[in-house]
Amino acid sequence: MRTATRPSRTRIWGRIRHRIWDRFAASDPGLLRLMAGLRTVGAIALTLAVLALLKADVSHMVTGAMAAMVATFAIKEKQRREQALTLALGLPVALVAMSLGALLNTRIVAGDLFFIALIFAAVYSRRFGDRGTALGLIGFQIYFVSLFVGASFSALPGLCGTLTIAFACSAVVRFGLVVETPERVLLRLREAFRARLAQLVSAQIELLDAGPDGVEKSLEDVRRHTARLHESALMIQGRLEQGTRDSATASLVQRRVADAEIAAERLDVLLLSARSAERAPTLTLHLPDAPVPAPSNRLRAHDDTTAMLRRDLDALRLLVVRPVAFDRGTGLAHLRNRLLGYRDEENLPRASAAVQDVFRGIGEAARSVLGLRLALDGPQDESDDTPSTTRSREELEAEDVAIAGSEESEPDADRPQGLERPTTRAAIQVSVGSALAIVGGELLSSQRWYWAVLTCWVVFLNTASTGEILVKGYRRLLGTVLGVIAGVGLAGVVGKHTWTAFALVLLFIFAMFFTAPLSYALMSFFVTAMLGLLYTLLNTYSPAVLVLRIEETALGAACGVIAAALILPVNTDRRTDELLGTVLTRLGDVTGAAVEQLSGGPALDLLDMARDLDKALDDLRSSTQPLTHPITPLRARRQTARYVVALLETCAYHARSLAATAEVLPYSKTVAADPRLKVAGRRIAHNIDVLVARVEDDDTGGVAETGASLASMLETDGPGAPRHDRVTHRVLRHLQRLDEGVIGLARPLGVPVSTAGRAS
């Protein structure tokens with residue numbers, strides 16, 4: 001009896017562990033934050049261990065710890081060979097920076113001028129890619145370390161030896177202990193995508209079961225998990241080239257991930273529509289705090305149709321979460337066959353059209369999960385396939401062949417030159433801001449002035465407009481204030497316990513890297529708390545020092561904002577207008593190419609075009625953060641920015657869906673070209689062109705056109721025209737929603753709209 005129950009218990013515990021790991025993997029896609037933290041902490045810990053064996057003093061241990069941290073986090077290349085070369089080049093750069101720091105430490109004017117020149121070179125070097133960025137960062141940070149530990153010429157040999165040990169330990173950890181390859185990262189990203197897809201299906205089930213009081217919270221959960229799924233898809237897109245063996249495999253994985261994302265988002269919309277008295281607008285999923293559609297009686301909590309729908313959503317979630325290793329028996333195959341049958345109108349319940357659409361959406365989602373499994377895990381057991389499942393497999397295999405035979409081409413992008421180049425502009429701005437920070441910092445403290453320079457440097461990293469720099473400076477100041485409060489308490493607790501302090505430093509460094517992508521203020525908190533411990537180790541701690549840290553941080557942030565606002569400024573409005581024009585152009589490209597292909601035109605690489613649209617929209621979303629931040633005083637402008645971004649996200653969803661349907665066209669037995677769709681696409685193309693011209697100030701006299709629905713426009717072919725099939729109806733629905741979204745954008749952008757000859 002015990003022998004019989006033991007395997008089942010083992011399997012149950014295995015599934016529980018797998019479920020817990022799925023949740024963690026979904027919260028940290030690809031485990032990128034976890035591995036970055038472990039890699040950095042491991043390099044620092046190994047460096048401290050080696051220096052302790054060599055009986056180094058505390059100042060050398062602090063230098064080694066900070067150098068190991070810089071040598072680890074500065075390197076961003078994905079290929080191990082490139083990482084090794086950058087690390088090897090970084091050591092002489094670090095030795096030169098430390099030597100110059102020790103030599104110029106007592107020469108105020110010469111040291112300040114060199115520091116400004118070094119800052120300019122470090123920022124300008126970003127134009128040379130990841131390696132240039134890493135070497136510039138290493139040079140700046142090691143020079144800063146020389147100021148922090150008060151490096152002198154007599155101590156230079158020992159400090160250079162410490163740097164060599166730190167870089168060697170960083171290499172040992174990176175290439176021997178915490179090994180990362182593009183293939184492993186991509187594998188974990190794929191698992192994170194699967195876990196986030198399962199979480200989205202769970203949120204959809206909660207939305208189905210939610211009562212009137214809980215529907216808003218459930219809808220917000222669906223929005224959040226949909227956004228996280230999209231984030232994972234974009235991260236996979238960025239890793240495909242290095243993480244797969246060839247371009248055909250990369251294209252296949254890209255296609256399957258896009259299919260699953262589109263099917264899941266479409267199921268969101270269909271489920272929301274089934275709960276509503278009328279068809280729910282897609283904008284509801286993308287606009288925070290959007291009103292919840294009025295409920296309907298189509299789905300009751302205890303009727304048979306709702307129970308059947310809940311059962312099938314549970315089955316879909318099981319298909320997503322169940323690893324291939326657990327696919328034993330025929331139960332899972334029967335679930336998959338039943339769900340795929342809905343695509344062929346098999347066993348649809350007697351219900352309203354909106355509810356039946358949900359079941360069809362579940363069938364489409366099941367097909368996308370099957371395609372994802374075939375692409376990621378290889379061939380599956382086909383012994384229990386039904387005809388509908390066999391047809392889905394044949395369609396997927398035909399698509400695989402077509403994808404393998406396609407060739408990718410990357411268009412050459414026009415790059416700005418001279419002062420318009422972002423790296424050149426940023427280098428000049430940071431240099432001017434740092435000069436101001438040096439002058440102001442010297443007035444505050446002749447010994448700690450470099451904190452103002454560091455803050456000025458940091459607020460310019462990964463920012464492109466004055467508004468972004470202002471928000472980042474505010475977040476850094478907030479994190480610094482809270483970190484100072486924590487540092488005061490920790491300094492009193494740690495006292496002279498050196499290894500306790502170093503253990504807490506390692507903990508804070510891990511927390512710093514783990515939280516950096518989530519919250520810049522939280523990261524700044526851990527940085528400041530860590531510095532308080534380092535000051536304690538160097539016997540230079542006092543509450544006045546940490547208060548000075550706040551003052552220098554505020555000064556550095558202010559100098560950065562002043563430089564960004566006065567020297568070659570990039571206004572937030574200008575930046576967002578440029579990105580908005582790019583998004584609208586990409587939207588027009590994807591829509592036009594998809595409609596052309598759906599009308600019988602030549603096949604194009606629509607999926608890459610759709611991903612370019614997603615990337616441009618992601619950049620726009622980041623650039624509007626200063627406009628949508630809670631501290632912004634312009635509330636109406638904040639609401640407008642959120643509304644425009646939400647409308648663009650809605651339009652991008654419909655454009656992705658059109659692109660996915662069009663890409664199936666050349667090798668599908670169920671989707672046929674319809675030349676009449678060209679008529680429907682003309683008005684959308686015209687309106688997008690008018691919006692682009694308005695945003696780019698090329699033409700302020702354009703008028704957007706609206707009128708009869710696109711479906712009714714296609715009926716003008718006469719009574720003998722062919723009727724629309726189900727796929728054409730879906731395409732028309734996406735086109736209609738896209739047309740409505742573009743018209744919705746016209747109003748906040750100030751573009752007049754004409755209706756039946758009247759302009760408004």
Side-chain angles (χ1 to χ4, degrees), residues 281-283 286-287 413-414 416 420 464-468 569-595 609-610 612-628 632 634-655 658 680-708 710 735-760:
T282 318
L283 180 63
H286 301 117
L287 182 61
D414 294 331
E420 289 299 318
S465 70
T466 307
E468 292 179 55
V570 178
N571 187 271
T572 303
D573 288 343
R574 173 188 164 191
R575 170 72 174 165
T576 53
D577 283 349
E578 289 175 354
L579 293 175
L580 177 58
T582 302
V583 172
L584 290 171
T585 301
R586 298 279 186 272
L587 179 64
D589 292 343
V590 175
T591 304
V595 171
M609 297 172 68
D612 288 340
L613 169 62
D614 287 336
K615 291 176 183 177
L617 183 55
D618 196 49
D619 290 339
L620 176 64
R621 192 183 299 108
S622 298
S623 72
T624 58
Q625 286 185 359
L627 304 177
T628 59
T632 181
L634 304 175
R635 299 298 178 183
R637 191 179 181 193
R638 175 187 176 190
Q639 294 297 331
T640 300
R642 295 174 67 185
Y643 177 70
V644 168
V645 171
L647 268 178
L648 286 170
E649 289 176 342
T650 297
C651 292
Y653 158 68
H654 292 295
L658 288 172
R682 289 173 188 165
R683 187 167 76 192
I684 297 176
H686 166 77
N687 290 341
I688 292 177
D689 289 341
V690 171
L691 296 182
V692 172
R694 177 70 176 211
V695 170
E696 296 178 350
D697 291 330
D698 292 336
D699 178 18
T700 58
V703 178
E705 299 175 358
T706 186
L710 297 181
L735 285 172
Q736 182 64 39
R737 295 294 179 264
L738 187 57
D739 181 52
E740 294 167 357
V742 172
I743 291 298
L745 286 167
R747 295 184 174 91
L749 296 180
V751 175
V753 178
S754 68
T755 304
R758 296 183 179 181
S760 60

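These values consider heavy atoms only, across backbone and side chains, with no hydrogens, waters or symmetry-generated copies. Along the sequence shown, residues carry numbers from 1.
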- Message: Using the rule given for side-chain contact (heavy atoms from CB on, under 4.5 Å), can you reason through Val703 versus Val753, listing the C-alpha separation, both sets of side-chain angles and the distance that settles it, and then say yes or no?
- Response: CA-CA 6 Å; Val703 178; Val753 178; 5.8 Å; no
- Checking salt bridge (Lys or Arg N to Asp or Glu O under 4.0 Å) for the pair Asp618/Lys615: CA distance, chi angles, key distance, verdict? CA-CA 5 Å; Asp618 196 49; Lys615 291 176 183 177; over 6 Å; no
- Determine, stepwise, if the pair His654 / Thr650 fulfils side-chain contact (heavy atoms from CB on, under 4.5 Å). CA-CA 7 Å; His654 292 295; Thr650 297; 3.8 Å; yes
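Under a 3.5 Å cut-off, the side chain of Asp577 and the backbone N or O of Val695 do not form any donor-acceptor pair. Not one N or O on the side chain of Arg683 forms a donor-acceptor pair closer than 3.5 Å with the backbone of Asp739.
Scanning all heavy atoms of the two residues, the minimum distance from Thr585 to Glu696 falls at OG1-OE2, 4.5 Å. In terms of heavy atoms, Ala704 sits closest to Val690 at N-CG1, 4.2 Å. Residue Ala652 comes nearest to Asp614 through the heavy atom pair CB-OD1, 4.4 Å, listed as atom of the first residue, atom of the second, then distance. The heavy-atom pair separating Val590 from Ala655 by the smallest distance is CG1-O, 3.8 Å. In plain terms, the two heavy atoms of Ala616 and Thr582 that are nearest each other are CB-CG2, 4.0 Å. Considering every non-hydrogen atom in both Val595 and Leu735, the closest pair reads CG2-CD2, 3.8 Å.
Taking CG from Asn687 and OG1 from Thr706, the interatomic distance works out to 7.5 Å, rounded to the nearest 0.5 Å. With rounding to the nearest 0.5 Å, the separation of OG1 in Thr591 from CD1 in Ile684 is 6.5 Å. Rounding to the nearest 0.5 Å gives a distance of 12.5 Å between CG of Leu617 and CG of Asp612. A distance of 6.5 Å separates CG in Leu620 from CG in Leu648, rounded to the nearest 0.5 Å. Distance check: Leu745 CG to Leu691 CG gives 6.0 Å after rounding to the nearest 0.5 Å. The distance from the CZ atom of Arg586 to the CG atom of Leu579 is 10.5 Å, given to the nearest 0.5 Å.
Tested against Val742, the residues Val751, Leu584, Ile688 include a single side-chain contact (heavy atoms from CB on, under 4.5 Å) partner, Ile688.
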